Engineer: 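Please find one structure pasted underneath; my questions will follow.
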Protein chains: 2
Amino acid sequence: MEQILPHLDSVFSIDCVLFGFDGKELKILLIERNEEPFKDWWALPGNIVGPDESLDQSASRILYELTGLRGIYMEQYYAFGDPHRHPQGRVITLAYYALIRLGGEKELRPVSNYAKRANWLPITDLPKLAFDHQKIYDKGLEKIKRRIKHQPIAFELLPEKFTLTQLQHVYELVLGKKLDKRNFRKKIVSFGVLKELDEKQKGVSYRAATLYRFDKRKYAKLFGKEISF
Amino acid sequence: MEQILPHLDSVFSIDCVLFGFDGKELKILLIERNEEPFKDWWALPGNIVGPDESLDQSASRILYELTGLRGIYMEQYYAFGDPHRHPQGRVITLAYYALIRLGGEKELRPVSNYAKRANWLPITDLPKLAFDHQKIYDKGLEKIKRRIKHQPIAFELLPEKFTLTQLQHVYELVLGKKLDKRNFRKKIVSFGVLKELDEKQKGVSYRAATLYRFDKRKYAKLFGKEISF
DNA sequence: TTACTTAGTGTAAAAATTACACACTATATT
DNA sequence: AATATAGTGTGTAATTTTTACACTAAGTAA
């Protein structure tokens with residue numbers, strides 16, 4: 001393709017805020033940088049958008065390269081473009097978030113050499129972040145707080161089968177407040193997007209809870225209508 | 001500033017969906033292109049982000065250059081980056097919307113030579129748009145529909161002093177449905193962000209309605225709480 | 001068998017939403 | 001002066017939604 005458009009020395013990248021839930025805490029994926037600037041600092045994983053990929057494709061590729069994960073619900077939420085956000089030149093970055101269930105089983109795939117390591121860190125105790133990544137993270141958290149109230153994204157943080165208590169726990173962590181158990185159940189069930197299974201929770205040393213599954217078909221019908229917490 | 005980052009032949013632009021309200025209809029500002037590609041087509045006004053301006057600054061500049069307007073509520077809402085969205089090269093564009101009161105008094109400032117003319121066209125009867133601008137517009141409309149339910153942005157479309165009927169009219173146009181007059185008034189007044197004035201509407205050939213003003217102070221207090229239609 | 005821990009359930013009060021119709025006021029017309 | 005016209009402005013009852021609140025049931029571990 002011939003390039004006849006005006007030219008700017010700008011770079012366009014994508015940064016990902018990957019929220020993970022391990023059953024107890026909300027965490028985000030950070031990498032420890034191996035290169036200047038901000039060598040040895042923690043940063044959001046991100047990369048440059050390739051010339052022939054769409055933004056969503058690029059975000060998926062980046063997520064895959066960083067975690068080995070595919071098929072994750074991801075959405076762009078804000079573009080950051082302060083001319084001085086990167087000390088070495090103009091970098092406009094588009095932020096995506098993803099919600100991920102953290103299972104003990106999955107190891108993080110080794111990340112390219114610009115990172116020393118990658119780690120899931122609890123959001124309650126984050127280190128100082130490189131560049132303007134704190135701002136990007138803050139806006140991301142704000143975004144999912146807003147979104148979890150209106151769209152069924154909480155399920156992405158949970159295993160396929162989950163208990164209502166686990167689901168409530170996710171809502172409480174994201175929204176940052178306690179919810180009433182009975183009212184929560186009443187409401188979430190009334191949306192009609194949960195399918196009650198014949199199975200029970202296993203391996204707990206107390207009464208086992210009923211397992212549920214998110215019913216995508218029912219949700220598709222509901223789509224457009226707003227839910228609200 | 002030294003440029004030592006990797007380089008991509010990509011262009012980063014901003015396109016604006018300017019919604020205007022003239023008291024009767026919702027309109028958007030379109031320009032008729034004077035250059036290939038899509039010569040003679042209608043398109044959203046947009047421009048390339050300058051090297052030393054932030055994204056918001058750039059959007060404000062572009063809005064100003066196209067309309068002469070300043071101090072307008074604008075917000076970015078989505079980045080469009082399909083690799084083939086522009087036939088001549090990779091152009092990633094960030095979409096902004098603005099809400100503008102159209103008064104008979106203001107003429108559109110002449111637009112740079114890439115446009116033959118600019119015009120406010122009613123959204124109920126839009127022509128085919130250049131590039132992927134239909135998609136950008138669609139997403140913008142969707143966005144303000146969602147937002148007008150939760151934030152007091154409708155005021156931006158109205159003159160400083162307005163009647164409740166005018167305000168209701170804006171809501172009905174944006175949401176695309178009729179609202180009950182009594183319930184609308186009950187609700188909008190209950191938010192407490194309107195200030196009733198001692199003035200009445202003038203120049204109408206029927207009973208004049210009371211004028212109201214949007215009270216920014218009261219709104220600031222309310223901020224964070226969601227309102228809902 | 002007992003102690004422990006979480007699951008699971010109902011109801012009444014309060015608040016919010018909805019549906020609905022007519023008299024009032026200002027102007028224009030005759 | 002009387003009348004037509006066009007939009008303003010207002011209340012209530014029924015329904016739905018939200019909130020606050022506490023105990024019994026079930027399973028496990030000792």
Side-chain angles (χ1 to χ4, degrees), chain A residues 22-24 148-150 152 154 158-159 161-173 175-213 222 225-229, chain B residues 21-25 148-152 154 158-159 161-173 175-213 222 224-229:
Chain A
D22 60 5
K24 293 198 172 153
I148 203 174
K149 288 186 189 170
H150 302 298
L158 290 168
K161 299 169 182 181
F162 52 85
T163 70
L164 294 184
T165 301
Q166 289 167 343
L167 183 59
Q168 182 177 346
H169 194 184
V170 168
Y171 272 88
E172 289 179 339
L173 279 173
L175 296 178
K177 65 177 182 191
K178 284 270 171 219
L179 300 173
D180 178 86
K181 181 161 67 160
R182 276 178 291 192
N183 293 338
F184 177 82
R185 285 166 181 239
K186 212 185 305 174
K187 189 159 206 171
I188 201 90
V189 166
S190 78
F191 291 141
V193 297
L194 292 184
K195 189 177 175 68
E196 185 174 350
L197 303 177
D198 284 336
E199 261 172 285
K200 300 271 172 185
Q201 202 177 16
K202 279 183 184 166
V204 288
S205 67
Y206 45 81
R207 176 179 178 184
T210 302
L211 291 170
Y212 286 78
R213 184 143 44 81
L222 191 89
K225 291 184 189 170
E226 293 200 349
I227 65 180
S228 137
F229 269 92
Chain B
F21 180 64
D22 60 4
K24 293 200 171 151
E25 284 180 303
I148 203 173
K149 287 186 190 170
H150 302 298
Q151 298 194 305
L158 290 169
K161 300 171 182 178
F162 51 85
T163 70
L164 294 183
T165 301
Q166 289 167 342
L167 184 58
Q168 181 177 347
H169 194 183
V170 169
Y171 272 88
E172 289 179 338
L173 278 174
L175 297 177
K177 65 177 181 192
K178 283 270 170 217
L179 300 173
D180 179 87
K181 181 161 67 160
R182 275 178 290 193
N183 293 338
F184 176 82
R185 284 165 180 239
K186 212 185 305 174
K187 189 159 208 171
I188 202 88
V189 166
S190 78
F191 292 141
V193 296
L194 292 184
K195 187 174 177 67
E196 185 174 349
L197 303 177
D198 284 337
E199 261 172 285
K200 300 272 171 183
Q201 204 178 17
K202 280 183 184 167
V204 289
S205 68
Y206 44 82
R207 176 179 178 183
T210 303
L211 291 170
Y212 287 77
R213 183 143 44 84
L222 191 89
K225 292 185 191 170
E226 292 200 351
I227 65 178
S228 141
F229 269 92

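Sequence lines set the chain letters: A, B, ... in the order given, protein chains first and strands last, and positions in each chain run from 1. Note that the structure is predicted; figures quoted are calculated from it, not measured.
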Engineer: Could you tell me whether A/Thr210 contacts a base, only the sugar-phosphate backbone, or nothing, with contacts defined as non-hydrogen atoms closer than 4.0 Å?
Structural biologist: sugar-phosphate
Engineer: Does the B/Gln151 side chain pair with the main chain of B/Ile148, one donor and one acceptor, at a distance under 3.5 Å?
Structural biologist: no
Engineer: In a check of side-chain contact (heavy atoms from CB on, under 4.5 Å) between B/Leu164 and each of B/Arg185, B/Glu196, B/His169, B/Lys181, which one passes?
Structural biologist: B/Arg185
Engineer: Any side-chain heavy atom of B/Lys149 within less than 4.5 Å of one from B/Leu175?
Structural biologist: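 Answer yes - side chains close enough.
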Engineer: Tell me, please, which residues at least two apart from B/Leu167 pass side-chain contact (heavy atoms from CB on, under 4.5 Å).
Structural biologist: B/Ala154, B/Phe155, B/Leu158, B/Phe162, B/Tyr171, B/Phe184, B/Ile188, B/Leu194
Engineer: What are the two closest heavy atoms between A/Arg207 and A/Val204, and how far apart are they?
Structural biologist: O-CG2, 4.4 Å
Engineer: For the helix from C/dT1-D/dA30 to C/dT30-D/dA1, what angle separates the axis at the start from the axis at the finish, each from five pairs, in steps of 10°?
Structural biologist: 10°
Engineer: Does NZ belonging to A/Lys187 count more than 12 external heavy atoms closer than 6.0 Å?
Structural biologist: yes
Engineer: Taking it one step at a time, do A/Lys200 and A/Leu211 satisfy side chain to side chain contact (heavy atoms under 4.5 Å, CB included)?
Structural biologist: CA-CA 5 Å; A/Lys200 300 271 172 185; A/Leu211 291 170; 5.9 Å; no
Engineer: From the 5' end of DNA chain C to its 3' end, which nucleotides mark the outer limits of contact with chain B, defined by a 4.0 Å heavy-atom distance cut-off (strictly under)?
Structural biologist: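 Contact boundaries, 5' end first: C/dT17 to C/dA28.
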Engineer: Return yes if some donor-acceptor pair links the side-chain N/O of A/Gln201 with the main-chain N/O of A/Ala208 below 3.5 Å, else return no.
Structural biologist: no
Engineer: Of the non-hydrogen atoms in B/Arg182 and B/Asp180, which two are nearest, and what is the gap between them?
Structural biologist: N-OD2, 3.1 Å
Engineer: Which residues in residues 177-187 of chain B have a heavy atom closer than 4.0 Å to any atom of DNA chain D?
Structural biologist: B/Lys181, B/Arg182, B/Arg185, B/Lys186
Engineer: Go nucleotide by nucleotide along DNA chain D from the 5' end; which of B/Gln166 and A/Ala208 gets its closest nucleotide reached first?
Structural biologist: B/Gln166
Engineer: Say you draw a straight line from NZ of A/Lys161 to CG of A/Leu197; how long is it, rounded to the nearest 0.5 Å?
Structural biologist: 6.0 Å
Engineer: Set out, in order, the CA-CA distance, both residues' side-chain angles and the distance that settles side chain to side chain contact (heavy atoms under 4.5 Å, CB included) for B/Thr165 and B/Gln168, then state yes or no.
Structural biologist: CA-CA 5 Å; B/Thr165 301; B/Gln168 181 177 347; 5.7 Å; no
Engineer: At a heavy-atom distance below 4.0 Å, what parts of residues 194-207 of chain A sit against DNA chain C?
Structural biologist: A/Tyr206, A/Arg207
Engineer: Looking at A/Lys177 and A/Glu172, does any basic side-chain N land under 4.0 Å from a carboxylate oxygen?
Structural biologist: no
Engineer: Under 4.0 Å from any heavy atom of chain A: name the first and the last nucleotide of DNA chain D that qualifies, 5' to 3'.
Structural biologist: D/dT18 to D/dA29
Engineer: If you look at every strand shown and take non-hydrogen atoms under 4.0 Å, does A/Thr165 touch a base, only sugar-phosphate, or nothing?
Structural biologist: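 Sugar-phosphate only.
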